[in-house]
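Atoms within a ligand are numbered from 1 in the order they appear, just like the ligands themselves. Just so you know, residue 1 is the first one in the sequence shown, and it goes up from there.
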Amino acid sequence: MTTATTTLLSSSCSFALLRSRPTIIRRYVIPTTTHDHPLRFSSPNRPGLVCREPYYKCRAAITGDLLRDVGATAAVLVGAYGLVRSFDSLTKRNIIQQSLSRKLVHIMSGLLFVVSWPIFSTSMEARYFASFVPLVNCVRLIVHGLSLVKDEGLIKSVTREGKPEELLKGPLYYVLMLMLCAVVFWRESPIGVVSLGMMCAGDGFADIIGRRFGSMKIFYNPKKSWAGSISMFISGFLISSGMLYYYSVLGYFELDWVSTMGRVALVCLVATVVESLPTTHLIDDNISVPLSSMLAAYLSFGY
Ligand SMILES: C/C(=C\COP(=O)(O)O)CCC[C@H](C)CCC[C@H](C)CCCC(C)C
Ligand SMILES: Nc1ccn([C@@H]2O[C@H](COP(=O)(O)OP(=O)(O)O)[C@@H](O)[C@H]2O)c(=O)n1
């Protein structure tokens with residue numbers, strides 16, 4: 001470390017405690033509705049702020065963040081593996097059908113992943129630690145999808161027909177969307193939370209309800225039903241709103257709930273219409289539903 005840097009750091013480190021007010025720290029403008037970075041300080045790899053605390057305090061804070069993020073990543077990785085294994089066991093013991101098992105994994109994986117985001121630190125790198133979990137699962141799906149390694153439990157839990165190559169479609173797109181939302185939107189924007197709510201809960205319940213009660217088919221797409229689409233809208237709206245409430249209770253968002261409910265309803269309507277279209281052969285629902293939700297949420301929420 002250069003003498004200049006040491007001098008800069010050893011002089012002091014200023015901690016700017018951000019709550020939910022717009023705060024400008026030199027080149028950083030923190031949006032009104034987040035305090036995802038309650039502590040921001042400079043270090044050689046974090047230029048831009050003046051240091052005024054003793055250097056050891058900065059090191060301690062950085063080390064604390066690092067340990068917290070590594071621990072959180074390990075815990076979520078174990079949770080992901082355990083979830084798939086649990087449903088594999090339930091399917092093997094014929095407690096639930098394979099199709100229902102896959103949909104429950106579809107619904108629960110992404111939602112629990114979003115629920116886990118607050119356990120990561122407030123550092124700028126936390127989102128990359130979190131996105132490491134879907135990355136590992138992405139590699140796992142590719143390795144098993146190419147049959148480089150055999151994992152009957154994984155294949156049975158997340159495929160329709162038990163073919164390894166199925167892992168390279170819906171499930172792979174699903175974890176890629178989890179990574180995208182974690183890195184791009186994280187805890188700072190409702191867009192990622194709502195989009196994953198629609199992909200996980202909305203699309204998941206559409207399948208479960210539609211298969212069972214979908215006798216009235218949609219006139220422009222006989223493969224989809226009104227029951228499925230209506231359940232997608234309702235479940236997507238309730239789960240997405242619940243996730244936004246969860247994050248607002250934790251202080252990440254300050255939302256006007258009357259207008260927010262309208263915005264979420266609009267996003268749900270867009271995603272539901274997109275999912276009902278006869279385009280599954282062109283683009284997987286795990287791509288079209290989250291992307292259309294992101295666009296609608298961006299236009300609706302504005303950040
Ligand atoms: C079955 C899945 C997608 C198939 O979708 P579709 O084709 O039916 O529309 C989901 C695949 C899930 C994946 C194997 C595991 C993902 C785990 C996630 C990244 C982290 C979850 C952490 C949490 C704490 C359990
Ligand atoms: N809007 C919807 C969505 C699915 N479904 C039912 O759920 C089944 C699976 O839906 P899907 O092809 O979208 O499944 P995924 O691509 O989400 O895995 C469909 O074949 C329908 O029987 C429905 O009835 N209405």
What closest approach, in Å, do [X] and [Y] show between heavy atoms, and which atom pair accounts for it?
X      : Y      : answer
Val194 : Ser240 : O-OG, 3.5 Å
Ser292 : Ala271 : OG-CA, 4.0 Å
Thr73  : Asp69  : OG1-O, 2.7 Å
Trp226 : Lys217 : NE1-O, 3.4 Å

**Asked** How does Asn286 reach ligand 1, by side chain, by backbone, by both or by neither, if only non-hydrogen atoms under 4.0 Å count?
**Response**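 For Asn286, only side-chain atoms sit under 4.0 Å from ligand 1.
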Suppose we measure from [atom] to each protein heavy atom; which comes out shortest, and what is that distance?
atom                    : value
atom 14 (C) of ligand 1 : Val158 CG1, 4.0 Å
atom 25 (N) of ligand 2 : Ser225 N, 3.1 Å
atom 13 (C) of ligand 1 : Val175 CG1, 4.0 Å
atom 10 (O) of ligand 2 : Asp207 OD2, 3.9 Å
atom 17 (C) of ligand 1 : Ala80 CB, 3.8 Å
atom 23 (C) of ligand 1 : Leu112 CB, 3.7 Å

**Any N or O of Ser109 closer than 3.5 Å to N or O of ligand 1** =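 In this structure, Ser109 places no N or O atom under 3.5 Å from an N or O of ligand 1.
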**Item:** Close N or O approach (Ser157, ligand 1; < 3.5 Å)
**Value:**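 No, there is no polar N/O contact under 3.5 Å.
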**Request:** Going by heavy-atom distance to atom 15 (C) of ligand 1, choose the closest among Leu141, Leu178, Asn137.
**Result:**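 The option holding the nearest heavy atom is Asn137.
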**Proximity winner for atom 6 (C) of ligand 2, if only heavy atoms of Lys103, Arg102, Arg211, Lys224 are counted** =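 Among Lys103, Arg102, Arg211, Lys224, the closest heavy atom to atom 6 (C) of ligand 2 belongs to Arg211.
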**Message:** I'd like to know if the side chain of Ser276 pairs up with that of Tyr220 as donor and acceptor (distance under 3.5 Å, no hydrogens or angles considered).
**Reply:**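 Ser276 vs Tyr220: donor-acceptor pair found between side chains.
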**Prompt:** Just checking, any donor-acceptor pair under 3.5 angstrom between side chains of Ser131 and Arg127?
**Reply:**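 There is no such pair (donor and acceptor under 3.5 Å, judged by atom type) between the side chains of Ser131 and Arg127.
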Run the numbers for me: atoms of ligand 1, each under 4.0 Å from some heavy atom of [X], listed by number.
X      : result
Arg102 : 1 (C), 6 (P), 7 (O), 8 (O)
Pro171 : 3 (C), 4 (C)
Lys103 : 6 (P), 8 (O), 9 (O)
Gly79  : 25 (C)

Close approach of [X] to ligand 2, heavy atoms, under 4.0 angstrom:
X      : answer
Thr280 : no
Met232 : no
Ala206 : yes
Lys217 : no

**Prompt:** Rounded to the nearest 0.5 Å, how far apart are SG of Cys200 and CZ of Phe205?
**Reply:**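 The CZ atom of Phe205 is 11.0 Å from SG of Cys200, to the nearest 0.5 Å.
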**Message:** A quick test of your reading: do over 12 heavy atoms of other residues, nucleotides or ligands sit less than 6.0 Å from CZ of Phe132?
**Reply:**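 No.
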**Message:** Can you tell me if Met216 has over 12 outside heavy atoms packed within less than 6.0 Å of its CE?
**Reply:**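 Atom CE in Met216 is not crowded, with 12 or fewer foreign heavy atoms closer than 6.0 Å.
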Would [X] count as being in polar contact with ligand 2, using the rule that some N or O on each side must be under 3.5 angstrom apart?
X      : result
Ser229 : yes
Arg160 : yes
Glu275 : yes

**Message:** Once you measure the plane-to-plane angle for Trp117 and Trp186, does it fall in the parallel (<30°), tilted (30-60°) or perpendicular (>60°) bin?
**Reply:**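 Plane angle between 30° and 60°, so tilted.
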Note: [X]-[Y] ion pair, threshold 4.0 Å (strictly below):
X      : Y      : value
Asp207 : Arg160 : no
Arg68  : Asp65  : no
Lys163 : Glu161 : yes

**Prompt:** Taking Tyr174 for the side chain and His106 for the main chain, is one N or O donor matched with an acceptor at less than 3.5 Å?
**Reply:**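 Looks like yes, one N/O pair under 3.5 Å.
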**Asked** Sub-3.5 Å donor-acceptor pair from the side chain of Lys224 to the main-chain atoms of Glu275, do we have one?
**Response**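 Side chain of Lys224 to backbone of Glu275, a donor-acceptor pair under 3.5 Å: yes, one is there.
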[X] neighbourhood, listing ligand 2 atoms whose heavy-atom distance to it stays under 4.0 Å:
X      : answer
Lys223 : 19 (C), 20 (O), 21 (C)
Asp203 : 17 (O)
Asp285 : 13 (O), 16 (O), 17 (O)

